[in-house]
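Residues take their numbers from the sequence shown, with the count starting at 1. Note that the coordinates shown come from a computational prediction; the quantities given were computed from them, not determined experimentally.
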Amino acid sequence: MELYDAMRTTPATRAFADEPIDDAVLYRMLDHARFAPSGGNRQGWRVIVLKDPAVRRRIRELYQLGWREYTAHIRVGLVPFAPREHGRWPGPAVDLAAARETPAPNEFADNLERAPVLLLLVADLGALACLDNGLDRQAFIGGGSIYPFGHNLLLAARNEGLGGVLTSVLARQEPAVRELLDIPEGHAIAGLLALGRPLKTVTKLRRAPVEDFTSVDRFDGPAFNP
Ligand SMILES: Cc1cc2nc3c(=O)[nH]c(=O)nc-3n(C[C@H](O)[C@H](O)[C@H](O)COP(=O)(O)O)c2cc1C
């Protein structure tokens, strides 16, 4: 594919044909995705390919709990878990226990275990140079050493005629996932990728124009528009 085309037409795909993806194809995608950049080239990503039906079912249940917490925020107009007070998370903005008890039907979440490919993306925290640690705000730079790899996987999927989505709500249940999959201390869930053959083709993504997020010389300077 032409690179700009791929960049502009790789959506979050959440509905898949009931068709298995060959392990050789998945291997090829991983083999290309691994050329992603990371801080100090430490490549602190790990991928767990989830195949066992019982494990997939449990992952779906745990994902649904995270999804319920997420949607409880959306219902009251909040960005879920956003560090919104001086760049820090002030603690739960909704009753999380009540949220987990409240069903939030969702086609993707409720059928997660049926996704042709499920990959748990795990970060080796000890390999992440988190240069914003100790600043008086939420640290986030560490994720930058993992997510380019995740997006490379989505681009690789696109190149294979497949699609997928990188999700994060499973992180809400990290202790249970850690136990389920024997993930050692010092490692964190970065995401869960679902991949497969898309049921529909998306040609147009909704994104803000360049002028909306650029400025010249100062944060509040004029938009960059040559
Ligand atoms: C860091 C990150 C976390 C995300 N977490 C979830 C998630 O938990 N569940 C989900 O369905 N989509 C998740 N997404 C997908 C986004 O919702 C999606 O990329 C965005 O809405 C744009 O979708 P589009 O490319 O189809 O326009 C996540 C994406 C990113 C980059």
Considering residues at least two apart in sequence or located in another chain, which fulfil the ring pair (Phe, Tyr, Trp, His ring centres under 6.0 Å) criterion with H187? none

Of the non-hydrogen atoms in S38 and S145, which two are nearest, and what is the gap between them? CB-O, 3.4 Å

Salt bridge (Lys or Arg N to Asp or Glu O under 4.0 Å) partners for R68, two or more places apart: none

Look only at the side chain of R56 and the backbone of E113, and say whether a donor-acceptor pair between them is shorter than 3.5 Å. yes

Exactly one of L62, V55, I48 should register a side-chain contact (heavy atoms from CB on, under 4.5 Å) with V177. Which one does? L62

Under the salt bridge (Lys or Arg N to Asp or Glu O under 4.0 Å) rule, collect the residues that match up with E19, sequence neighbours excluded. R197

Atom pair CD/CZ of E2 and R8 - distance to nearest 0.5 Å: 10.5 Å

What residues join L30 in its hydrophobic cluster, counting side-chain heavy atom gaps under 4.5 Å, either direct or through other members? I21, V25, L26, M29, W45, V47, V49, V117, L119, L121, L125, L128, I146, Y147, F149, L153, L154, L162, L166, L193, L195

Would the number of heavy atoms belonging to other residues, nucleotides or ligands and lying under 6.0 Å from CG of D31 be above 12? yes

Is R42 salt-bridged to D124, cutoff N-O under 4.0 Å? no

Looking at every non-hydrogen atom in both residues, tell me the closest pair between G161 and P198 and how far apart they are. O-CD, 3.6 Å

Closest approach of N152 to A33 (non-hydrogen atoms, all atoms of both residues): ND2-O, 3.2 Å

Run the salt-bridge test on R60 and D110 with the 4.0 Å N-O cut-off and return the result as yes or no. no

Who else is in the cluster with L205 when I, L, V, M, F, W and Y are joined by side-chain contacts under 4.5 Å? V202

List for me each residue that meets salt bridge (Lys or Arg N to Asp or Glu O under 4.0 Å) alongside R46, sequence neighbours excluded, and say none if there are none. none

CZ (R114) with more than 12 external heavy atoms under 6.0 Å: no

Test: R172 cationic atom under 6.0 Å from Y63 six-membered ring centre, within 45° of axis: no

The side-chain hydrogen bond (donor to acceptor under 3.5 Å, both in side chains) partners of R58 (sequence neighbours excluded) come to E61

Hydrophobic cluster partners of V216 (side-chain heavy atoms under 4.5 Å): F224

For L135, the rest of its hydrophobic cluster, which grows through side-chain links under 4.5 angstrom: none

Under the side-chain hydrogen bond (donor to acceptor under 3.5 Å, both in side chains) rule, collect the residues that match up with R28, sequence neighbours excluded. E160

Heavy-atom nearest pair, F16 first then A194, reads CZ-O, 3.6 Å

Go through the structure and list residues passing salt bridge (Lys or Arg N to Asp or Glu O under 4.0 Å) with D23, not counting sequence neighbours. K51

Spatial distance of atom CG (L181) from atom CG (D52) [nearest 0.5 Å]: 9.5 Å

Answer yes or no: is there an ion pair linking R100 with E69, defined by an N-O contact shorter than 4.0 Å? yes

Which atoms form the tightest heavy-atom contact between I141 and L131, and what is the distance? CG2-N, 4.3 Å

Would you kindly say whether Q43 and N41 are connected by a side-chain donor-acceptor distance under 3.5 Å? yes

Working to the nearest 0.5 Å, report the span between CG of L170 and CG of L192. 5.5 Å

Rounded to the nearest 0.5 Å, how far does CZ of F108 lie from CG of L112? 5.0 Å

For M1, the side-chain contact (heavy atoms from CB on, under 4.5 Å) test, sequence neighbours excluded, returns D5, A6, T9, R158, N159

